[in-house]
Amino acid sequence: MSAFNNATKFFHACEGLEGPSGTAPYVAEGASFECQAQALSGIETVQDYAGWLAGLGTTALAGARYKLHSSAWDAESNCALFFSTFIAAHTGDGGPVAPTGKETNSHYVYVIKMNDAGKVAHVTKIWNSS
């Protein structure tokens, strides 16, 4: 299976709110995560991020979904890019405040570095969380 194919499967499993168990087949042990958005400041591994997103999308933002706009593969750097929009409404419990009913359509990009075995080694999420 190609690295880009695995990156794509990881993206859909992660954004499809499958959590760590759903993303595990595509992720290298100890894969790192980074994002400059304050909401994700304490998350340092890909699997912790997958768990955070699944939790958020099944509680405070129940019914969250995504729309993939574009993806690309760079064989030279062994990197995949995914540009998408996160779509959700704050209607469920479990957030830091009571449900507000507010909706978001938030653009973001994943830069996914694959290792030589074709698994996710690092994810950078480019997102303005405010």
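In the hydrophobic clustering of this structure, Val111 does not group with Leu53; members are Ile, Leu, Val, Met, Phe, Trp, Tyr whose side-chain heavy atoms approach within less than 4.5 Å, directly or through other members. The hydrophobic cluster containing Trp52 also contains Leu61, counting ILVMFWY residues as joined when their side-chain heavy atoms lie under 4.5 angstrom apart, directly or transitively. Residues Phe10 and Leu81 do not share a hydrophobic cluster, clusters being chains of Ile/Leu/Val/Met/Phe/Trp/Tyr side chains in contact below 4.5 Å. Residues Tyr108 and Val46 are members of one and the same hydrophobic cluster, defined by side-chain heavy-atom contacts under 4.5 angstrom among Ile, Leu, Val, Met, Phe, Trp and Tyr. Hydrophobic clustering, with ILVMFWY side chains joined whenever heavy atoms are under 4.5 angstrom apart, keeps Met114 apart from Val109.
Considering only heavy atoms from C-beta on, Phe4 comes within 4.5 Å of Ser71 through its side chain. Looking at heavy atoms from C-beta onward, Trp73 lies in side-chain contact with Asn78 at the 4.5 angstrom threshold. With contacts defined as side-chain heavy-atom distances shorter than 4.5 Å, the pair Lys119/Val27 does not qualify. A heavy-atom distance below 4.5 Å is found between the side chains of His12 and Leu68. The shortest side-chain heavy-atom distance between His122 and Ile112 does not fall under the 4.5 Å cut-off. Counting heavy atoms from C-beta outward, Cys35 and Ile43 have side chains that stay 4.5 Å or more apart.
Residue Asp93 places its CG atom among 12 or fewer non-hydrogen atoms of other residues, nucleotides or ligands, all under 6.0 Å distant.
For Ser70, there are no side-chain hydrogen bond (donor to acceptor under 3.5 Å, both in side chains) partners two or more places apart in sequence or in a different chain. Every side-chain hydrogen bond (donor to acceptor under 3.5 Å, both in side chains) that Tyr110 has, sequence neighbours left out, goes to Glu15, Tyr49. Residues passing the side-chain contact (heavy atoms from CB on, under 4.5 Å) test with Ala121 are Asn115, sequence neighbours excluded.
Considering all non-hydrogen atoms of both residues, Gly92 and Pro99 come closest at O-CG, 3.3 Å. Between Ser21 and Pro25, the closest heavy-atom pair is O-CD, 3.8 Å.
A donor-acceptor contact closer than 3.5 angstrom links the side chains of Thr23 and Gln47. Side-chain atoms of Thr45 and Asp48 include a donor-acceptor pair closer than 3.5 Å.
Using cut-offs of 30° and 60° on the angle between ring planes, the pair Phe11 and Tyr66 is perpendicular.
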